[in-house]
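Just below is one structure, and these are the notes that go with it.
Bear in mind the structure is a predicted one, so any value in this text is a computation, not a measurement. Throughout, protein chains are lettered first and strands after them, A, B, ... in sequence-line order, and every chain is numbered starting at 1.
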Protein chains: 2
Amino acid sequence: MVAHDLVFHHQQCHDCPIRHRAVCARCETDELARLEKIKYYRSFQAGQTVIWSGDKMDFVASVVSGIATLTQTMEDGRRQMVGMLLPSDFVGRPGRSNAAYDVTATTDLVMCCFRKKPFEDMMLETPHIGQRLLEMTLDELDAAREWMLLLGRKTAREKIASLMAIIARRDAALRATDGQGPLVFDLPLTREEMADYLGLTLETVSRQISALKRDGVIHLEGKRHIVVPDMDRLLEEAGDDSDGGFLV
Amino acid sequence: MVAHDLVFHHQQCHDCPIRHRAVCARCETDELARLEKIKYYRSFQAGQTVIWSGDKMDFVASVVSGIATLTQTMEDGRRQMVGMLLPSDFVGRPGRSNAAYDVTATTDLVMCCFRKKPFEDMMLETPHIGQRLLEMTLDELDAAREWMLLLGRKTAREKIASLMAIIARRDAALRATDGQGPLVFDLPLTREEMADYLGLTLETVSRQISALKRDGVIHLEGKRHIVVPDMDRLLEEAGDDSDGGFLV
DNA sequence: TGTCCAGCTTGATCTGCGTCAAGGCGATCT
DNA sequence: AGATCGCCTTGACGCAGATCAAGCTGGACA
């Protein structure tokens, strides 16, 4: 059964490697049949650009596997990441025909795309798709606002610690690691991408990672593999609201 | 006729001083009647807090007049504004019972509130309310992402110039000033609020405003009244993507 | 086995903005 | 008219993070 879950179904999709949300409707056959007809897959290699800001974008999509980023660039080349898309995340804006950001595959990437017009038609006739999309958009808005606090007010060290915590959390959620014990994950971003995420330079990122390592907040094996011996300590370094958690 | 326009109607509301969007449904009498029953008004004085982060929030609302801000605060007192609500803007999240941010009236403020539960019920039965809300949320997300670029990558001078441009634009939109000629407006924020908006200190805000004045980019009469002799010059200072405009 | 290169680290130095501190200005109250 | 208070400006100084520069490390390829 196909279940891309725009409504919180989590069945295994018959032709996708993972469960992903944000794509299909309640599992009612007619809807599914319609979705099947307008959906198609696209693959990208790490580093490839999915779409440039300003380009015509006649589809919406959800990430099946891999990671994509949204970035904005100023004329002089300064770049700021404004979105990170993990599996199940949604890109594209119904009711707009041009991309507002550069979308880039930072790892090998598979996306499940829907041609925009028929998707919009379906949204009109199937309210719960829109409802689910609203919910996801509100979540993204919350994430963006958390990110704004980070960019505007946190120190470099806090920024790095925050990023580690965010990645650890999302990684754990994806793998449904109910996880007690030391947290382990791989950084899916280069130092430069982290810098673009955090509003820093790659040198500062490197230095602060070294500092956190020196201070025992994280261990790293190789350049990408991170072990967090004590999540609470990390969250403290991140300057996050205590309680380690989710107000939501 | 009441028309708070969750669907782009712009009739004058019979009991509100201005046209505002984001509140009511297509002007079909039964819907209006229902909305009338669940709506009520609240007024706040400049400086009053509407709701604290974490508090129970059993309503959603739209701004009728005045300006409200959303801010996040770290334990040590560092603050970052994450949203600015002008008339017609919407606050509150269907499907969540606690506020995620401090909401504060920066000017005298009137809000049109709807008790949450009945509003949610209505959303379920009246899809276009949800559709309109999705549209507005996507707009806010775009604004948040623009804001992230500002926070992460712009210099203090660019930040100030950007803020002036944003306020000028929103002000013009509100007053439907189709406006050629020198742009004129009042700053609705104190220097400290601007600092919280921009991720700066109030001293830096003050210094950069003085600098822009010295360089003739803006003129100011008193401390709040701004005249922009050349909008293009201002946008250039803001480091915004040339074309002066809206990709949307 | 060497060499090449992208990604990363580390050092030295510079600078934009924060911090601390001292007033100025205008509105409101007495 | 003076006192008070919130808001704003300006100066002096210090530091976190940017910039510039050199070199490391590990994987791909010949």
Shortest side-chain distance from A/T204, nucleotide among C/dT19, D/dA18, D/dT9: D/dA18

Start with the C-alpha distance between A/I51 and A/Y101, add both sets of side-chain angles, then the distance that settles side-chain contact (heavy atoms from CB on, under 4.5 Å), and finish with yes or no. CA-CA 8 Å; A/I51 195 161; A/Y101 317 101; over 6 Å; no

Starting at atom CG of B/L220, determine the distance to atom P of C/dG26, rounded to an integer number of angstrom. 13 Å

side-chain contact (heavy atoms from CB on, under 4.5 Å) with B/T155: which of B/K159, B/R153, B/R157? B/R157

Under 4.0 angstrom, heavy atoms only, what part of the nucleic acid is B/G47 near: base, sugar-phosphate, or nothing? nothing

Where the side chain of A/S206 is concerned, which of D/dA18, C/dC8, D/dA21 is the nearest nucleotide? C/dC8

Rounded distance (Å) that lies between atom C1' of C/dA22 and atom CZ of B/R207: 13 Å

Rounded to whole Å, CZ of A/R153 lies from P of C/dC17 at a distance of 13 Å

To the nearest Å, give me how far apart CG (A/L212) and P (C/dC8) are. 16 Å

Please give, in whole Å, the distance from D/dT10 P to B/Q208 CD? 12 Å

Does B/R224 reach a base, just sugar-phosphate, or nothing at all? Heavy atoms under 4.0 Å. sugar-phosphate

Cation-pi between B/R169 and B/F185: NZ/CZ under 6.0 Å from ring centre and within 45° of the ring axis? no

Nearest-nucleotide check on DNA chain D, A/K223 vs A/K154; residue mapping nearer the 5' end is A/K154

Indicate yes or no: does A/D186 engage A/K223 in a salt bridge with an N to O separation below 4.0 Å. no

To the side chain of B/S210, which of D/dA18, C/dT19, D/dT9 is closest? D/dT9

Categorize B/T190 for me: base, sugar-phosphate, or nothing, with a 4.0 angstrom heavy-atom threshold over every strand shown. sugar-phosphate

Side-chain donor/acceptor of A/R157 to base of D/dG17, under 3.5 Å: no

Using whole Å, what does the distance between atom C1' of nucleotide C/dT9 and atom CD1 of A/I209 come to? 11 Å

Just the rounded figure in Å: distance from P of D/dC8 to CG of B/D196. 12 Å

Look at the side chain of A/E203 against the base of C/dC8 and say whether a donor-acceptor pair falls under 3.5 Å; ignore hydrogens and angles. no

Note: B/E158-A/R78 ion pair, threshold 4.0 Å (strictly below): yes

Does the base of C/dT10 carry an N or O that pairs as donor and acceptor with the side chain of A/R191 under 3.5 Å? no

In this structure, how many angstroms lie between the C1' atom of D/dT9 and the CD atom of B/E192, rounded? 15 Å

Ignoring hydrogens and geometry beyond distance, is the side chain of B/R214 in donor-acceptor contact with the base of D/dT9 at under 3.5 Å? no

